[in-house]
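Read the structure below first, then the notes.
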Amino acid sequence: MRVEIWSDIACPWCYIGKARFEKGLAEFAHRDQVEVVHRSFELDPGRAKGDTAQVIDMLAQKYGRTREEARSMEANVAANAHAEGLGYRTEGRDHGNTFDIHRLLHLAKARGRQDELLTLAYRANFAEERSVFDAEVLIELALEAGLDGDEARAVLADPEAYAAEVRADEQEASELGANAVPFFVLDRRYGISGGQPAEVFARALEQAWKDRPPTAIGSDGAACDADGACEVPQAGTQG
């Protein structure tokens, strides 16, 4: 069975949703027969390469909030991340165009190291003092994921390398009606939108395995939409 996950490195609910999905998968009896494929989705495709902003400033501007309100929003997301055992910095993170990261993830997919690079990139972006919008940081992450450094540099130096693959993923997301991430598709039969609790994923995997008719499961989980806006639950809740 194949599970396809559309996500973006800039999306906190994708980071949290990945952890929750993996917990649900760990409970699934047939987990060794599940192929997980990560697909590209850009939250801010119109932002120019190199144009970055501090996350607090970006949130304040996007939602029309004060900086203190934006900090409170981040604190609520951090609480959800921490509940999953994830590190999450609410200050000092930046936001930018993620196209190069997605291109590098496609290289990693071709080399069988996609999940490793994605995990490292999420950690760098949300939990560590490392900017994933810095080419040198991306090279470091590629090396840590087991990729060849020269090959990774060549991909980043060529704007056309794996660009078609990124665009194809995004086109397919549009055709499937996915306008927010994370978006999970199980064996092309079941769809799950948002960072749902682990038990939702576990139940969906069971249903997909039994080959039930197409249906949508859990359509109201917290997510980030195509404009980069991320839903933020109230403190103490989990989407």
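This is a predicted model, so every value here is computed, not measured. These numbers come from the heavy atoms of this one structure, side chains and all, not from hydrogens, waters or symmetry mates.
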### Task
State plainly whether the residues E170 and R39 are in salt-bridge range, i.e. N to O under 4.0 Å.
no

### Message
Please report the interatomic distance CD(Q33) to NE2(H30), rounded to the nearest 0.5 Å.
### Response
7.0 Å

### H95 and D57: side chain donor to acceptor below 3.5 Å
no

### Query
Any Lys/Arg nitrogen of E172 or R188 sitting under 4.0 Å from an Asp/Glu carboxylate oxygen of the other?
yes

#### Entry: Nearest-0.5 Å distance, CG of residue D148 to CZ of residue R113
13.0 Å

### Query
Which heavy atom in V155 sits nearest to a heavy atom in A161, and how many Å separate them?
O-CB, 3.8 Å

### Task
Evaluate the criterion salt bridge (charged side-chain N to carboxylate O under 4.0 Å, His left out) for residue pair R47 and E42; output intermediate values, then yes/no.
CA-CA 10 Å; R47 183 179 288 270; E42 294 175 88; over 6 Å; no

### Query
So, do F41 and F183 have ring centers that fall under 6.0 Å from each other?
no

### Query
Under 4.5 Å between side-chain heavy atoms, hopping through other hydrophobics if needed: is there a path connecting V181 to V37?
no

#### Entry: Heavy-atom check, side chain of E84 versus side chain of R20, under 4.5 Å
yes

### Message
Taking R89 first and then E129, would you say they form a salt bridge - that is, a charged N and a carboxylate O separated by under 4.0 Å?
### Response
yes

### Query
Where is the tightest heavy-atom contact between R103 and L156, given as atom of each residue plus distance?
NH2-O, 3.4 Å

### Message
Applying the ring-ring contact (aromatic ring centres under 6.0 Å, His included) criterion to F184, which one of W6, F21, W13 satisfies it?
### Response
F21

### Message
Assess, by modelled atom type and distance only, whether the side chains of S7 and H38 contain a donor and an acceptor separated by less than 3.5 Å.
### Response
no

### Task
Find out if a path of hydrophobic residues (ILVMFWY) with successive side-chain heavy-atom gaps under 4.5 Å connects Y162 to I9.
yes

### Query
Of the options N125, L138, D94, which is the one that meets S131 in a side chain to side chain contact (heavy atoms under 4.5 Å, CB included)?
D94

#### Entry: Whether F28 and W209 hold their rings parallel, tilted or perpendicular, with breakpoints at 30° and 60°
perpendicular

### Message
Let me confirm one number: the CG-OG1 distance from N97 to T52, rounded to the nearest 0.5 Å.
### Response
11.0 Å

### Message
I'd like to know if the side chain of H102 pairs up with that of D169 as donor and acceptor (distance under 3.5 Å, no hydrogens or angles considered).
### Response
no

## Note on the structure
Heavy-atom nearest pair, I16 first then A81, reads CD1-N, 3.8 Å

### Message
Tell me the closest heavy-atom pair linking G24 and F201, and the distance in Å.
### Response
CA-CB, 4.4 Å

### Full working for side chain to side chain contact (heavy atoms under 4.5 Å, CB included) between I192 and L186
CA-CA 8 Å; I192 304 177; L186 284 65; 4.1 Å; yes

### Query
Aromatic rings F126 and Y88: how do their planes relate, parallel, tilted or perpendicular, breaks at 30° and 60°?
parallel

### Query
How far does CG of L120 sit from CZ of R123, to the nearest 0.5 angstrom?
5.5 Å

### Message
Looking at every non-hydrogen atom in both residues, tell me the closest pair between L105 and L118 and how far apart they are.
### Response
CD2-N, 3.7 Å

### Query
Between R130 and E140, is there a side-chain N and carboxylate O pair less than 4.0 Å apart?
yes

#### Entry: Closest contact, heavy atoms only, D8 versus L43
OD2-N, 2.9 Å

### Message
Any carboxylate oxygen within less than 4.0 angstrom of a Lys/Arg side-chain nitrogen, looking at E151 and R111?
### Response
yes

### Query
In terms of side-chain geometry, is the basic nitrogen of R153 or D150 positioned less than 4.0 Å from the acidic oxygen of its partner?
no

### Query
Between E91 and R71, is the closest basic N to carboxylate O distance under 4.0 Å?
yes

### Query
Hey, is K18 close enough to D115 for a salt bridge, meaning N to O under 4.0 Å?
yes

#### Entry: Heavy-atom side-chain contact between P182 and C11 under 4.5 Å
yes

### Query
Do L147 and L117 come within less than 4.5 Å of each other through their side chains, counting heavy atoms only?
yes

### Message
Working to the nearest 0.5 angstrom, can you tell me the gap between E27 CD and R203 CZ?
### Response
11.5 Å

### Task
May I ask you to check whether E69 and Y63 show a side-chain donor-acceptor distance below 3.5 Å?
no

### Message
Do V185 and V3 have side chains that approach each other closer than 4.5 Å (heavy atoms only, starting at C-beta)?
### Response
no

### Query
Atom CZ in R31, atom CG in L25: separation rounded to 0.5 Å?
7.5 Å

